[in-house]
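Presented below is the structure to which this report refers.
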Amino acid sequence: MLSSDRSLPNTGHRYVPQITSLDIPPSPNQELLPLTAKVNSKDNLSIGGCEIQQLVQQYDSPLYILDEFTLRTACRQYRDSFNTYYSGESQVIYASKAWSCIGVCRIIDSEDLGFDVVSGGELFTTIEAGVGKEKIYFHGNNKSTAELEFAVETGCTVMVDNWLELKTLTQIASDKSGQPVPIMVRLTPGIECHTHEYIRTGHLDSKFGFDPNQLDEVFTYLSQQASLSCIGLHAHIGSQIFERQPHQDLGEVLVDWMQKAQGYGLPVTTLNVGGGLGICYTESDDPPSISEWVKAVSTAVENACNKVGLALPKLMAEPGRSLIGSACVTAYTVGSRKEIPNFHTYVAVDGGMSDNPRPITYQSVYRAVVANKMSAPITEEVTVAGKHCESGDIIIKDAALPETEPGDVLVVMDTGAYNYSMASNYNRIGRPAAVVVYEGEANLIIERESYQNLIERDRLPERLVKHKK
Ligand SMILES: *Cc1c(COP(=O)(O)O)cnc(C)c1O
């Protein structure tokens with residue numbers, strides 16, 4: 001690994017990858033900055049061959065900057081690692097809730113990954129991006145009838161979560177003549193892992209999936225439905241996970257249930273172990289690399305199959321964060337400063353909880369650099385605050401930074417996952433633009449929301465138009 005070389009001389013932090021050769025790129029999820037990050041002769045940070053300060057001049061801030069090379073590298077590492085470590089067929093699908101937009105879907109589709117969608121809106125986005133139905137998998141614990149009809153009409157695979165959905169889908173599928181609707185059954189495997197309570201989904205007390213003690217009944221039911229074809233089983237145990245053991249255990253649990261399902265005559269030959277591999281948000285985070293994770297999961301499934309003499313299933317994984325999290329940074333412009341003697345110094349930026357709600361929602365920790373002062377000595381620890389009317393609108397509590405002035409460009413790293421997709425218009429602040437950068441070229445993939453956009457769907461009933469004091 002190159003990681004030990006990757007510190008700026010005067011920070012001691014692993015902020016900037018000093019990449020000498022990208023022949024064997026490091027695992028994106030183990031890096032703080034995108035793989036193409038460089039410091040140019042003006043001491044400015046560039047990503048994808050584009051200087052961040054110039055991007056901010058051109059596109060304004062806050063600005064999401066997505067590094068296409070890093071995203072593609074993560075896609076390839078997942079795909080290639082399955083080809084290396086798993087003897088059977090495999091498919092990696094992108095959990096598009098991490099960041100769903102047409103540009104991102106296009107890049108990932110061109111890397112031949114599939115898509116996990118969790119709403120009609122995400123399904124629509126993938127279709128608009130030109131993704132084929134055989135590569136789309138529809139999740140969700142409370143899909144509406146309209147969403148299920150949309151899924152069936154599209155021809156994607158439905159990840160069935162509960163009895164209501166199963167019954168509704170049976171009705172929709174039998175009303176429509178033709179091929180049976182492909183489904184997979186989501187189950188709660190009863191596996192605990194160490195991550196934030198809100199993003200843990202594999203323990204038995206979770207809102208997602210069938211409880212294991214319902215599965216015999218589910219399999220019996222499915223064996224009697226001609227309009228549904230149960231091709232596989234799925235489980236997802238949580239997010240931002242650094243341990244390998246829970247996914248290895250999950251592989252074994254799923255193989256066990258696959259054997260039972262086949263006993264009911266169901267054509268279950270696909271297992272989906274979900275996503276959840278963590279990334280580095282700070283220098284102390286230590287997730288396995290993408291290939292280490294894939295190897296662990298693949299080996300567990302192969303061993304479990306060999307033990308009971310089952311043919312290897314098609315193995316699927318659906319990472320979100322570890323595909324896109326480290327491929328994007330958010331650039332902000334530094335504004336006001338408030339010093340409270342012997343307490344805190346607040347440095348405010350021109351965005352915050354509306355473009356990155358993770359710190360206020362999950363107490364997530366981020367790191368930042370000042371893009372136009374990359375080798376300036378780190379002289380202070382400040383609290384990077386957003387501009388929203390909430391005291392909790394803090395992006396970083398303890399950012400080690402050089403001295404900043406208004407107009408500096410602060411870059412928060414690893415904002416590719418669950419930032420844009422969770423963004424809001426709180427305080428009627430428009431959502432930022434996003435650009436994709438690649439080999440010196442920057443292109444808009446999402447336009448900045450204008451004031452006009454913010455009121456576009458406001459309506460005024462006639463009686464309020466007439467209303468006079
Ligand atoms: C969120 C989610 C994922 C992706 O999780 P990451 O931690 O982003 O990899 C995968 N599958 C399901 C069902 C999910 O809900």
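Atoms within a ligand are numbered from 1 in the order they appear, just like the ligands themselves. Along the sequence shown, residues carry numbers from 1. As the structure is a prediction and not an experimental result, all values here were calculated from the model.
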For residues 290-297, run the donor-acceptor check on the side chains, cut-off 3.5 Å, and write out each pair with its distance to 0.1 Å, sequence neighbours left out.
{"from": "Ser291", "atom 1": "OG", "to": "Ser289", "atom 2": "OG", "distance (Å)": "3.4"}
{"from": "Glu292", "atom 1": "OE1", "to": "Ser289", "atom 2": "N", "distance (Å)": "2.8"}
{"from": "Glu292", "atom 1": "OE1", "to": "Ser289", "atom 2": "OG", "distance (Å)": "3.4"}
{"from": "Trp293", "atom 1": "NE1", "to": "His247", "atom 2": "ND1", "distance (Å)": "3.3"}

Proximal candidate to atom 5 (O) of ligand 1 [heavy atom criterion; set His236, Arg321, Gln240] |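 Among His236, Arg321, Gln240, the closest heavy atom to atom 5 (O) of ligand 1 comes from His236.
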Looking only at non-hydrogen atoms, the one of Ser239, Ala95, Gly209 nearest atom 6 (P) of ligand 1 is Ser239
Polar-atom distance check: [X] versus ligand 1, any N or O pair below 3.5 Å?
| X | result |
| --- | --- |
| Tyr418 | yes |
| His139 | no |
| Gly320 | yes |
| Lys97 | yes |

Will you find, in the side chains of [X] and [Y], an N or O donor that is under 3.5 Å from an N or O acceptor?
| X | Y | answer |
| --- | --- | --- |
| Ser322 | Tyr78 | yes |
| Asp216 | Tyr264 | yes |
| Arg321 | Ser239 | yes |
| Asp355 | Tyr332 | yes |

Identify the residue among Thr282, Asn419, Thr330 that makes a side-chain contact (heavy atoms from CB on, under 4.5 Å) with Tyr366.
->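 With Tyr366 as partner, side-chain contact (heavy atoms from CB on, under 4.5 Å) holds for just one option, Asn419.
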Compute the minimum heavy-atom distance from [X] to ligand 1 and say whether it is under 4.0 Å.
| X | value |
| --- | --- |
| Phe208 | no |
| Met159 | no |
| Pro319 | yes |
| Ala98 | no |

Would you mind running through ligand 1 and noting each atom that sits below 4.0 Å from a heavy atom of [X]?
| X | answer |
| --- | --- |
| Gly275 | 9 (O), 10 (C) |
| Glu318 | 3 (C), 4 (C), 10 (C), 11 (N), 12 (C), 13 (C) |
| Asp116 | 10 (C), 11 (N), 12 (C) |

Lys387, NZ atom: more than 12 neighbouring heavy atoms under 6.0 Å =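 No, not enclosed.
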